[in-house]
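Everything below concerns the one structure shown next.
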Amino acid sequence: MSLTGNDLKGIGFQEGKALGLALQVMEKDFSTLPVADQLSLLKKVITDPEAYQHDVNFGVVASQLLQPVDPIIALEPQKAYTVYGAEGIEQGAIGQMQTAMRLPVTVGGALMPDAHQGYGLPIGGVLATHNAVIPYGVGVDIGCRMCMTLYAMPAAMLQQKTDSFKKMLVDNTRFGIATFKKPQEDAIFDRQEFQDLNILRGLKDRAWQQIGSSGGGNHFVEFGVVEITNAINELNVPVGQYLAVLSHSGSRGLGANIARYYTDVAMNLCKLPAEAKHLAWLDLDTEAGQEYWLAMNLAGDYASACHHQIHNRLAVALGETPLAMIENHHNFAWKEKDAQGREIIVHRKGATPAGKGVLGIIPGSMASPGFIVRGKGLAASISSASHGAGRLMSRTKAKASISPAAVKAMLQHEGVELIGAGLDEAPMAYKDIHQVMEYQKDLVDTLGTFMPRIVRMCGDERFQEVD
DNA sequence: ATGTTC
C-alpha cells in the first residue's frame, strides 16, 4: 500500500522536502508493509529525528527534519495597481491581486476585465517584478496561446460545405488524451534544453507523442469568418471578409510538468505567509531561476510549434496558403522595460500582450466574436489586455444550470456547428465579450473580428483512445 | 491546464 502526503501530514509532517523524502523511502523500501505500520515507523522518526540521523533507511528523512526552517518572507504594504472592468470581477480575484501587490519583488500590476480566481496570481492578472519569476504567475499551462491564419477563400464555403470542413477538423486535430498516430517531426526537438535540463530529458518522449494536439478544457480549433474592419493593419490585407482558422491551446504535458516541478522548487526556496505561498518566486540569478526561465521558454516554443502544426495540417487540407498569421502567448513571463527603462519581469497569466503596435487575438466564446487587436502600450495596464471574455460562472455551476437544449438553440441561432465540448464551455458560461472589450478600449485598438462557424473542442476523447 | 498526488 502506498502512503499519501495527507497521511504524513496526519502524523505531523509539514509540506516540504522531508515529506517528499519520507514518501520516497516508504515507497522504495517499505511499500509491502500495512499503512498503519508504515505510519508508526515514520511517527518514530518525526518524534525523535536525532535518533535516526544516521539510520540506514531514515537518515535522509531525519536529517531533513533537523534542517532549520527557512524564515518566512514578510509581505510589504500593498502597491497600487489598476483594475479594468472592476464591476464584473469576482472578489476572490481582487483579493489575490492585492496579495500579489504586497510581494517585496513586485514593482507593478494590473487586473484585466476577464479576471477570475486561480492559484497564486488570478487568471487575468498581470504582475511586474524585479529580477524574479513566479511559476504560478505564469500558470500551469505555460505558453497557452492563440494562433490565427487568414485565407483568401470565400467565407460562404463554411456554410455550403459544412460537412467537409467538419471532417477536416476531425482528421487534423486531436483533443483530450488522443494524439496523432504519426506525430510530425519538428525543430523543437533539436533544442539543447531537452538534453541540458534533467527535468526536460524525462519529458521529451511524451512531448513528441503530443505535438500538434490540443488538449482539453477551453482549448479549441475552429473555422470561422474574419471581418477586417480597419484599413490600416499590419496584416497587409484589405478590409473585407476572410475564411480563417483560429486555435487556442498550450504546451500540453510538457508545460504542466515544468510548472508543477518549478512551483514546488520555488515554494521550498521561498517561504511566504500562507495567503501568498503560491506566489513563491525564483530569483533569476539563481540556478533554479535560470533553469525555469529556459524551461518556460522551451514550453512556450513547444506550444507555438503545436499551433503551427495544427495550422499547417489544415492548410494542406484546404489546399491553400494562408495570407497572414497572427499569434500570441497569454500565459507567460517576458523581460520588458518599465517607463524609466528598468528591466522588469512581466507575468501575464491569462492576459494578452498589448505593447504599442503589438498584435494579439482575444477570443470571445464559441458563439460570440473574437477580436484581432493592436496594443496601445498603456503603462497602467503594463501593456496588456484580457485574454478572452472571462467566465461568468464556474464549470460546476455551468454544468448544473445550463441545459443542452439551450446551448443547441443558441448555436443554431448563431449558425455555429460544434464538435465535442461540454456544458462548462457553453457560450452562456462566459461574460459578454463586447462589454469586456468596452472595458479595455484604452488598452487595444480593434483591427477586425472573428466569428466562429465550425468549432471543435474536447469531447469524449477524454475517456476514449482515438488513435 | 494536467495521464489531474510529491
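Numbered from 1 within each chain, the chains take letters A, B, ... in sequence-line order. Computed over heavy atoms, backbone and side chain alike; hydrogens, waters and symmetry mates excluded.
Nearest nucleotide to the A:A256 side chain, out of B:dC6, B:dT2, B:dG3: B:dT2. For A:K9, counting side-chain heavy atoms from C-beta on, the closest listed nucleotide (B:dT2, B:dG3, B:dC6) is B:dC6.
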Side chains of residues 292-302 of chain A: which donor-acceptor partners sit under 3.5 Å, not counting sequence neighbours?
unit_1, atom_1, unit_2, atom_2, d
A:N297, ND2, A:W293, O, 2.9
A:D301, OD2, A:R191, NH1, 2.8
A:D301, OD2, A:R191, NH2, 3.1
A:Y302, OH, A:A207, O, 2.6
A:Y302, OH, A:I211, N, 3.2

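The distance between atom CD of A:Q209 and atom P of B:dT2, rounded to the nearest whole Å, is 16 Å. In this structure, the CG atom of A:D424 is 19 Å from the P atom of B:dT4, given to the nearest Å. Atom-to-atom, CE of A:M267 to P of B:dT5 comes out at 14 Å; the value is rounded to the nearest Å. Atoms OH (A:Y262) and P (B:dT2) sit 20 Å apart, rounded to a whole Å. One atom, OH of A:Y136, and another, P of B:dT2, lie 14 Å apart when rounded to the nearest Å. One can place CD of A:Q24 at 14 Å from C1' of B:dT5, the figure rounded to the nearest angstrom. The distance from atom CG of A:D141 to atom P of B:dG3 is 10 Å, rounded to the nearest whole Å. Rounding to whole angstrom units, CZ of residue A:R260 and P of B:dT4 are separated by 7 Å.
The side-chain hydrogen bond (donor to acceptor under 3.5 Å, both in side chains) test applied to A:D55 returns no partner, not counting sequence neighbours.
At the heavy-atom level, A:G216 lies under 4.0 Å from the strands shown only through sugar-phosphate atoms. Across all strands, A:G250 comes closer than 4.0 Å to no nucleic acid atom at all (heavy-atom distances).
The only member of A:H330, A:K349, A:H219 that meets side-chain contact (heavy atoms from CB on, under 4.5 Å) when paired with A:D141 is A:H219.
Residue A:Q210 places none of its side-chain N or O atoms closer than 4.0 Å to OP1 or OP2 of B:dT2.
Geometrically, A:R391 engages A:Y430 in a cation-pi contact defined by less than 6.0 Å to the ring centre and at most 45° from the axis.
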